[in-house]
**Q** 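Dumping the structure here so I can ask a few things about it.
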Amino acid sequence: MMKSVLFVLLAWLAGPAGAVSILLPNETAMLPDSGHPGYLPALQKCLICHSADYIALQPTFNQARWQAVVDKMRVAFKAPIAPEEVEQIAGYLADAQQRRLLQPRPPARP
């Protein structure tokens, strides 16, 4: 009996469950085309999960560190990146960072 009363009380306190919606701004940042052969794979694979601004906010890594990061995304998080694309993507990200092409953009004012 006590369990039933407790269940009813908790259900009453929780109130009606309803969907909440929020409106997010459209993504406008894009990875810059540097002419690097890893640009297209990075554009196609990284932006599935990450925004360009999120990528641009990462610390400056060399190619070996980017390779480890991209490989972690592929292996641990099952990102759809072919093993032969890891080096290309890492090369693009390291090159774009070194050349200061990856810059986060401040949010637009409404």
Side-chain angles (χ1 to χ4, degrees):
M1 175 70 179
M2 186 63 159
K3 285 184 181 180
S4 298
V5 172
L6 183 58
F7 178 75
V8 170
L9 180 62
L10 287 175
W12 179 77
L13 288 174
V20 175
S21 68
I22 59 171
L23 181 62
L24 297 174
N26 291 330
E27 178 64 55
T28 57
M30 189 56 62
L31 293 177
D33 185 354
S34 64
H36 191 281
Y39 167 69
L40 195 55
L43 187 68
Q44 293 171 335
K45 306 301 172 84
C46 299
L47 296 183
I48 292 172
C49 298
H50 305 294
S51 71
D53 282 331
Y54 179 78
I55 295 167
L57 287 169
Q58 299 310 300
T60 301
F61 296 144
N62 62 23
Q63 183 166 346
R65 180 69 178 116
W66 271 118
Q67 200 158 331
V69 169
V70 174
D71 204 45
K72 177 180 74 173
M73 295 298 137
R74 185 181 72 77
V75 175
F77 298 108
K78 306 300 183 216
I81 300 170
E84 59 272 9
E85 292 175 312
V86 172
E87 189 174 346
Q88 286 182 329
I89 293 171
Y92 164 76
L93 293 170
D95 178 65
Q97 272 191 331
Q98 182 183 21
R99 294 170 49 197
R100 303 276 185 235
L101 298 176
L102 287 176
Q103 297 293 324
R105 298 184 174 140
R109 297 212 173 240

**Q** Distance from R100 atom CZ to T60 atom OG1, nearest 0.5 Å?
**A**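 It comes to 5.5 Å.
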**Q** Any chance you could measure Q103, atom CD, to D53, atom CG, to the nearest 0.5 Å?
**A**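 Q103 atom CD to D53 atom CG measures 10.5 Å (nearest 0.5 Å).
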**Q** Please give me the minimum heavy-atom distance between A94 and N62, naming the atom from each residue.
**A**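 Shortest heavy-atom separation between A94 and N62 comes out as CB-C, 4.0 Å.
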**Q** Calculate, to the nearest 0.5 Å, the distance between atoms OH and CD belonging to Y39 and Q44 respectively.
**A**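 Rounded to the nearest 0.5 Å, the OH-CD separation comes to 9.5 Å.
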**Q** Supply the atom-to-atom distance K72 NZ to Q67 CD, rounded to the nearest 0.5 angstrom.
**A**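 Output value for this atom pair is 14.5 Å.
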**Q** Checking the side chain of Q97 only, and the main-chain atoms of P59 only, is there a donor and an acceptor separated by less than 3.5 Å?
**A**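 Side chain of Q97 to backbone of P59: a pair is present.
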**Q** Would you name the heavy atoms of Q63 and A90 that are closest together and state the gap between them?
**A** O-CB, 3.8 Å
**Q** Working to the nearest 0.5 angstrom, can you tell me the gap between H36 NE2 and R99 CZ?
**A**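 These two atoms lie 9.0 Å from each other.
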**Q** Once rounded to the nearest 0.5 Å, what's the spacing between atom CD of Q98 and atom CZ of F61?
**A** 15.0 Å
**Q** Would L47 and F77 show up in the same hydrophobic cluster when neighbours are defined by side-chain heavy atoms closer than 4.5 Å?
**A** yes
**Q** On a heavy-atom basis, which atom in S34 and which in L101 lie closest, and how many Å separate them?
**A**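 So the two residues come closest at CB-CD1, 3.5 Å.
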**Q** Evaluate the side-chain proximity of L93 to V70: yes if any heavy-atom separation is below 4.5 Å, no if none is.
**A** yes
**Q** Would you say M30 and I89 are hydrophobically clustered, going by side-chain heavy atoms of ILVMFWY under 4.5 Å?
**A** yes
**Q** Any side-chain heavy-atom pair from K45 and V86 closer than 4.5 angstrom?
**A** no
